[in-house]
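Letters A, B, ... are given to chains in the order of the sequence lines, protein chains preceding strands, and every chain is numbered from 1.
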Amino acid sequence: MESGIISVDRWSQGSQAYFITHLHADHTRGLTPTWKWGPLFCSRITAKLFPSKFPGFKLSLLRILNLGHWYSLPLFSPSSGQPTTVQAMAIDAHHCPGAVMYLFRGEFGCMLFTGDFRWETTSHRAKIARDMLLKALKDEKLDTLYLDNTYCNPSYCFPSRDVAARQVINIITTHPNHDIVIGIDSLGKEDLLHYVSQELKIKIWVWPERLQTMHLLGFQDNFTTKTSLTRVRAIPRYSFSIETLEGLNMMRPTIGIMPSGLPWAKKIFKGKGNVIYPSPSCGVASTKIKRSNGDSLDVRIYNQYIYTVPYSDHSCFAEIKEFVELLQPTSIKGIVSSSASYVEPLYYFGDFCSTNQASRMSYKKLWYEERVERLEAIQIKSPVGSTNSNQVRRKRRRRSGLLVSQVNRVSILRRVRRGIKIMDTEFPS
DNA sequence: GCGATCAGTT
DNA sequence: CACAACTGATCGC
């Protein structure tokens with residue numbers, strides 16, 4: 001393969017310009033403080049967060065793209081070596097802070113790389129992004145859509161984030177005497193926490209590094225690292241578990257809220273407490289919470305201490321469908337391949353594509369043929385490694401009895417550490 | 001010590 | 001049964 005022109009969320013040497021969609025770790029693998037392979041284009045917010053994520057990174061490599069503007073990059077055609085121009089535009093992806101999609105025009109045609117994105121019809125921000133996209137594509141045909149297909153399956157169906165946020169408020173207000181912990185990652189869900197803070201007129205505890213991030217993002221007053229000030233805490237999702245909640249409940253009545261696009265049903269019978277039977281409709285237990293106005297609200301219960309709320313920073317299937325329908329790309333490629341339920345997006349959306357390829361040939365055939373087409377010069381984060389090989393690898397990971405006990409001990413120690421980390425500053429006696 | 005890769009967790 | 005995002009161990013340099 002020739003060396004590329006541009007790379008999106010890929011960091012190996014050989015491209016002339018690099019683009020980052022957002023700062024989640026699964027999109028920055030290979031990006032290190034000593035990385036140096038070229039100019040790195042990003043949104044203003046990503047640039048602001050960059051130093052704290054990559055201390056020591058050569059910031060002179062960063063190029064900020066304002067949203068909704070075309071930028072011309074004078075580059076070289078990898079095939080001919082002749083000068084060529086690539087135009088790039090960043091558009092709000094409404095995923096996590098700083099997340100953008102990239103629209104490109106060049107000798108390879110016109111293509112859109114969504115990165116991770118949420119396309120809520122109810123959202124004002126999505127409307128702005130939609131107008132930007134349509135304006136930019138007014139006289140242009142979108143040749144290739146690189147799509148966040150995380151939940152690209154009709155079974156993934158969840159409400160907008162403001163509806164899910166209301167559910168969080170309801171869970172908290174129906175537990176007036178409980179401590180609340182909410183599981184979050186290092187970036188994302190800030191709007192949810194801010195909303196909870198505003199609605200309930202309460203500060204939210206976050207761990208120190210997270211408070212720094214909040215401050216960089218402009219949230220100055222709603223968050224604190226002093227546990228005595230609040231009963232609501234946002235904790236790293238990694239330390240959010242049944243065991244953590246059981247531990248916390250030995251000290252104070254506490255419930256956990258997990259915002260996630262997935263219906264957490266997997267370990268529903270594993271908790272020590274009451275067995276909760278999954279409901280046939282969605283595969284998880286649900287309950288009705290009475291609201292003050294007499295309404296009731298469906299809330300999913302994961303175990304006796306944990307509620308899950310369908311708050312997702314990725315688009316649900318209906319939103320992906322609407323997005324593809326709007327853009328009518330000539331071809332589509334899924335960005336995410338790790339899912340065992342991975343489905344080639346064209347299987348669902350072939351009918352929306354302007355050429356009739358999808359109906360003329362099987363989607364699998366189309367998949368193979370696309371892989372050798374003219375866009376080869378562009379290195380893109382595309383599906384690598386089949387589901388099959390993942391399964392094979394997973395099966396090979398059979399653990400010995402010794403290893404199991406070691407792993408368990410390690411994990412117990414880890415949890416103790418987490419527990420201390422979460423608890424040491426927080427329970428005024 | 002650094003970076004890449006793998007294993008495992010919620 | 002599933003995901004995305006993450007941590008920690010280990011290996012080669």
Rounded distance (Å) that lies between atom P of dA5(C) and atom CG of Leu31(A): 16 Å
Is any N or O donor-acceptor pair between the side chain of Arg29(A) and the base of dA4(B) shorter than 3.5 Å? no
Could you state the atom-to-atom distance from CG of Asp26(A) to P of dT9(B) in whole Å? 19 Å
Exactly one candidate in Leu65(A), Thr114(A), Ile91(A), Leu112(A) meets side-chain contact (heavy atoms from CB on, under 4.5 Å) with Tyr102(A); the answer is Leu65(A)
Checking all strands, does Ser312(A) fall into the base, sugar-phosphate, or nothing category for heavy-atom contacts under 4.0 angstrom? nothing
Classify the nucleic acid contact of Ser155(A) as base, sugar-phosphate or nothing, counting any heavy atom under 4.0 Å across all strands shown. nothing
Which part of the nucleic acid, if any, lies within contact of His22(A), taking any heavy atom under 4.0 Å across all strands shown: a base, the sugar-phosphate backbone alone, or nothing? nothing
For the side-chain contact (heavy atoms from CB on, under 4.5 Å) test, which of Cys316(A), Ser315(A), Ser312(A) pairs with Tyr151(A)? Ser312(A)
NA contact type, Asp116(A), heavy-atom cut-off 4.0 Å: base, sugar-phosphate, or nothing? sugar-phosphate
Measure centre to centre between the rings of Trp35(A) and Tyr18(A), then say whether the value is under 6.0 Å. yes
What is the separation between atom CZ on Phe158(A) and atom C1' on dA2(C), rounded to the nearest whole Å? 13 Å
Please give, in whole Å, the distance from dA4(C) P to Asp148(A) CG? 8 Å
Presence of His95(A) side-chain N/O under 4.0 Å of dA5(C) phosphate oxygens OP1/OP2: yes
When you look at Arg161(A) and Asp313(A), which way does the salt bridge (Lys or Arg N to Asp or Glu O under 4.0 Å) test go after all the steps? CA-CA 8 Å; Arg161(A) 282 172 289 193; Asp313(A) 286 332; 2.8 Å; yes
Report the nucleotide, chosen from dC6(C), dA5(C), dG3(B), that has the shortest atom-to-atom distance to any side-chain atom of Ala25(A). dC6(C)
Give the nucleotide from the list dG3(B), dT9(B), dA4(C) with an atom nearest to the side chain of Pro33(A). dG3(B)
Nearest-Å distance for atom pair CG/C1', residues Asp185(A) and dT9(B): 12 Å
Both Tyr151(A) and Ser186(A) contact DNA chain C. Which one's nearest nucleotide lies toward the 5' end? Tyr151(A)
Using OP1 and OP2 only, check whether a side-chain N or O of Thr34(A) sits under 4.0 Å from dG3(B). yes
Could you work out which one of dA2(C), dC6(C), dA4(B) sits closest to the side chain of Tyr156(A)? dA2(C)
dT7(C) P sits how many Å from Glu209(A) CD, rounded? 10 Å
Are the aromatic rings of Phe41(A) and Tyr71(A) close, with centres under 6.0 Å apart? no
Taking the side chain of Leu262(A) as its heavy atoms from C-beta onward, which of dG3(B), dC3(C), dG8(B) lies nearest to it? dC3(C)
Nearest of dC3(C), dG3(B), dA4(C) to any side-chain atom of His314(A)? dA4(C)
On the nucleotide dC3(C), are OP1 or OP2 found under 4.0 Å from the side-chain N or O atoms that Thr150(A) carries? no
